[in-house]
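So that the names make sense, note that chain A is the first sequence line, chain B the second, and so on, each numbered from 1.
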Amino acid sequence: MGDTTFGKGCHLHLIDGSAFIFRAYHALPPLTRKSDGLPIGAVAGFCNMLHRYIEGNNGPDAPTHAAVIFDKGSHTFRNDLYDLYKANREAMPEDLRPQMPLTRRATEAFNVACKELENYEADDIIATLACQAREAGGRVTIISSDKDLMQLVGDGVEMLDAMKNKRIDRDGVFEKFGVFPDRVVDVQALAGDSVDNVPGAPGIGIKTAALLINEYGDLETLLDRAGDIKQPKRRETLIEKRDQIELSKRLVQLDCATPLDFGLDELDVRKPDAEVLLPFLAEMEFRTLSRRIADQLGVEAPVIAEPAAPEAEADAPEAPAFDEADYSRVSDADALQGWIDQIRERGWVAVDTETTGLNEMIADLVGISLCVEPGRACYIPLIHKASATEDLFGSDELVEGQMPLDEALAMLKPVLEDPAIIKIGQNMKYDAKIFARYGVDVAPIDDTMLMSYAMHGGEHGHGMDTLSERYLGHTPIPIKPLLGSGKSAITFDRVPLEKAVSYAAEDADITLRLWQVFKPQLHRSKVTTVYETLERPLVPVLAQMERNGIKVDRDTLSRMSNAFAQKMAGLEAEIHELAGETFNVGSPKQLGEILFDKMGIEGGKRGKTGAYATGVDVLEDLATEHDLPARVLDWRQLSKLKSTYTDALQTHINPDTGRVHTSYSIAGANTGRLASTDPNLQNIPIRTEEGRRIREAFVAEPGHVLVSLDYSQIELRILAHIANIPALKQAFADGLDIHAMTASEMFDVPLDEMTPDIRRKAKAINFGVIYGISGFGLARNLRIPRSEAQGFIDRYFERFPGIRSYMDETKAFAKENGYVQTLFGRKIHTPEINAKGPRASFAYRAAINAPIQGTAADVIRRAMVRMPAAIEGLPARMLLQVHDELLFEVAEDGVDTVIDRARDVMENAADPAVHLDVKLTADSGQGANWAEAH
DNA sequence: GACATCACG
DNA sequence: GACGTACGTGATGTCC
């Protein structure tokens with residue numbers, strides 16, 4: 001302080017602000033400001049770190065000048081040099097974004113200079129300031145551990161890793177890079193950086209780069225004399241990739257001449273101003289920190305209001321027992337307003353809806369329950385009617401003690417749509433869909449089911465009963481006794497109010513308690529990103545898709561049903577004739593007895609229940625010799641198509657919309673895949689011509705077409721990447737027929753001499769690998785001897801050794817950790833991997849498959865999350881997802897644009913979180929119906 | 001409600 | 001050396 005002119009004897013501290021923020025963000029649980037729920041954890045950590053830094057720099061070596069330097073925006077001049085620079089970076093977590101401006105304010109509140117500059121990285125500003133300070137004869141300490149800054153070290157410039165409290169000087173840099181600071185950029189240019197996506201020279205890492213630079217002196221000399229290098233591979237790389245290496249150097253070279261609009265003198269160290277700092281800390285509601293700082297500054301600590309009822313926090317236990325919980329009925333506007341006030345104070349609320357049924361497209365809203373703190377919840381009944389016991393005639397008149405539905409919704413809508421209030425639910429997609437039908441767009445949300453899925457996928461189910469028992473030690477009130485079952489079952493609007501309150505309020509209470517348990521755990525399990533990028537944002541997307549539905553033509557289905565019925569009747573007569581007696585063709589048990597006992601066919605195998613097995617495989621074998629099993633196969637196919645599709649689909653056509661609305665379970669499949677239910681639209685026939693025609697009944701509205709985009713071979717591409725198989729990667733890069741290429745490689749057959757049969761075998765092996773191949777399984781699939789199948793597998797491993805190591809490593813990882821992971825960090829638990837016997841074998845194959853299937857599932861989830869923004873404003877709706885396919889309904893004049901945009905999103909869906917070595921491609925189709933579009 | 005079967009990726 | 005086996009789903013009909 002005092003003398004502000006920077007010069008000899010001055011000491012400048014430059015703090016890498018982004019590093020502080022990210023360290024703070026990841027070190028702390030996701031704290032929120034009590035009064036409004038604003039995420040604040042990173043700001044809290046940042047302030048603590050900044051405070052600790054100031055505290056620790058009061059000694060004799062105290063800086064005379066200091067500044068915190070931030071990045072501004074994500075686009076810099078380096079992106080103009082190379083558009084993929086830092087393209088690997090995952091988008092900033094949702095709950096961090098609003099905290100960024102607050103960290104700037106915090107820096108200013110501590111009275112420390114705070115600098116950033118459009119189009120430049122923080123590193124460039126740091127470099128420029130360090131150069132200026134050095135020239136002025138002062139000393140510089142850069143507080144960061146970023147290796148990109150190491151090029152600046154020397155001549156009075158040092159780095160300090162604040163976390164490890166370790167100083168890095170010239171020798172420290174040499175330790176890290178094998179060269180002194182003035183050659184660091186040369187080494188970085190060669191070695192590249194996968195984190196920042198600096199390409200460098202392929203196959204050259206830091207060690208080799210340092211070796212080369214030390215031998216030739218500098219990068220330019222090395223590149224000029226690259227021809228002298230003995231190792232042929234290295235020589236070629238350096239010659240061929242010269243441009244790329246020189247580009248890399250420009251990317252890593254920091255700019256010491258950024259156009260700053262301030263001088264070093266402005267950065268002089270100043271004492272914090274209590275009148276600025278304390279109000280800021282109070283606004284953030286940092287109680288401990290503001291008290292500590294107030295003490296140090298010798299002033300009164302600011303009073304920060306406790307928004308929660310103080311008596312509840314004083315000595316009552318955090319979570320009261322369930323049997324002491326306070327559950328009330330809300331039956332007028334005053335009472336509801338009281339709850340709304342509390343919600344606004346907290347910034348969050350657990351919400352649950354009660355309805356007349358499980359189908360969100362049809363069910364009516366019966367009541368709403370709310371909970372803001374454990375043990376205190378309410379239920380707002382809206383359309384309860386007299387129950388049968390109260391009124392034998394089942395009057396439709398509403399019972400007393402309820403608010404008008406419109407009034408309650410009008411009051412709640414601003415809360416449910418308020419971006420500052422988190423709405424917590426268990427399976428929020430259900431409630432969001434119900435509310436959407438009443439004109440309320442619930443957002444933002446948290447979902448305890450999805451939190452559990454992200455943390456415990458594969459360990460157990462994620463229904464409320466399971467979670468409550470497991471994590472709260474409480475068995476929820478069962479719904480059965482309230483609603484009854486079978487013919488006498490009633491809907492929730494007939495449940496007496498008092499019972500409804502205990503049941504419904506408890507659900508909201510449980511949800512809130514689960515949320516409080518899960519929220520901090522999410523972070524500790526390192527699945528916050530999975531939850532925030534792959535689970536939660538999918539909720540509104542799926543809700544919209546489900547509400548869109550797909551138009552299904554009843555007449556087409558009905559005609560097909562009739563045709564199937566006729567054919568089946570004919571076949572049934574033939575079958576009875578051949579059997580010599582009538583029996584139920586649909587009964588595998590009776591069929592088995594006819595085939596193997598009465599007709600005396602050899603080779604009948606009995607399953608574990610003692611009945612003969614009569615599956616397709618068995619009947620197909622028999623069909624070569626006998627007519628009856630052949631007819632049964634035909635009959636079964638028709639029976640399946642009729643009962644599961646042409647008949648059942650008709651019953652799913654919504655009378656209001658004329659469309660079929662499936663429901664996707666987000667947390668159903670262990671691998672991260674979605675599952676479609678009621679009806680399942682992910683298994684509509686396609687493999688046989690007869691079945692495929694069912695897709696003709698899935699149609700577009702007049703003036704529209706159905707557009708389908710599907711990933712080509714996504715799982716094999718992911719396998720090629722994960723197991724790192726150069727031959728497979730190359731084949732995909734060259735656009736080859738992957739199964740033909742595998743066949744050629746395995747059986748030494750040139751591609752132009754490939755036969756369909758050899759290709760078919762290779763295809764089976766490729767799929768087998770994805771499924772955790774076994775000789776037995778492959779043998780059965782290809783109907784070849786087991787020894788031959790084993791030979792194929794051995795040969796496959798020989799040709800693609802990476803597959804073997806992937807399988808071994810995955811198995812070892814699962815045994816060690818109890819789970820495996822996708823490329824995006826999704827965990828799939830494999831609790832049975834250490835079991836004994838065949839169960840371990842199952843778990844082992846599932847563990848091999850899960851990262852592949854799961855990564856593919858993550859990729860399409862990412863595409864789906866981004867899709868609404870990509871097709872915004874276009875006359876298009878996303879309707880269905882079938883694992884690797886997305887189906888849209890598009891107005892005729894928008895088709896080309898939609899295909900372009902959707903393909904772009906799908907093909908780049910892995911970026912920037914993961915850079916795949918293999919390109920993803922999506923094929924498209926269009927037509928009046930799904931058969932034509934696919 | 002378990003089981004067998006079969007539709008999909 | 002022996003387990004049993006391809007991975008992941010959901011819907012339907014039979015039978016107890």
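Residues from residues 803-821 of chain A with heavy atoms under 4.0 angstrom of DNA chain B: there are none. A heavy atom closer than 4.0 Å to some atom of DNA chain B occurs in A:K608, A:T609, A:A613, A:T614, A:G615, A:V616, these being the qualifying members of residues 608-629 of chain A. Residues from residues 844-857 of chain A lying near DNA chain C, meaning a heavy-atom separation below 4.0 Å, are A:R845, A:A846, A:N849, A:Q853 in numerical order.
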Which donor-acceptor pairs under 3.5 Å do the side chains of residues 617-629 of chain A make with protein atoms, sequence neighbours left out?
residue, atom, partner, partner atom, Å
A:E620, OE1, A:R783, NH2, 3.2
A:D621, OD1, A:R783, NH1, 2.5
A:T624, OG1, A:D621, O, 2.8

Inset, instruction - Map every base of DNA chain C to its dot-bracket character, where paired means a Watson-Crick or G-U wobble contact with both distances under 3.5 Å and | marks a partner outside the strand. - result: ......|||||||||.
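Listed by chain and residue number, nothing satisfies the salt bridge (Lys or Arg N to Asp or Glu O under 4.0 Å) test with A:R717 (two or more places apart in sequence, or in another chain). Every residue meeting the side chain to side chain contact (heavy atoms under 4.5 Å, CB included) condition with A:V527, not counting sequence neighbours, appears here in chain and number order: A:A454, A:M455, A:L522, A:S525, A:V530, A:K827.
Counting only residues at least two apart or in different chains, salt bridge (charged side-chain N to carboxylate O under 4.0 Å, His left out) contacts with residues 559-571 of chain A comprise A:K567-A:E690. Within the structure, salt bridge (charged side-chain N to carboxylate O under 4.0 Å, His left out) contacts touching residues 759-779 of chain A (residues at least two apart or in different chains) are A:D737-A:R759, A:D757-A:R760, A:D757-A:K761. For residues 601-610 of chain A, every residue pair satisfying the side chain to side chain donor-acceptor pair (under 3.5 Å) rule, not counting sequence neighbours, is listed here: A:R606-A:Y612. Applying the side chain to side chain donor-acceptor pair (under 3.5 Å) test to pairs two or more places apart or on separate chains, those with a residue in residues 836-845 of chain A are A:E832-A:R839.
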Legend entry - Annotated protein contacts, base or backbone, on nucleotides 10-16 of chain C with a non-hydrogen cut-off under 4.0 Å, one of B, S, - each: BBSSSSS
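Scanning atom types as modelled, no donor and acceptor separated by under 3.5 angstrom connect the side chain of A:R839 and the base of C:dG4.
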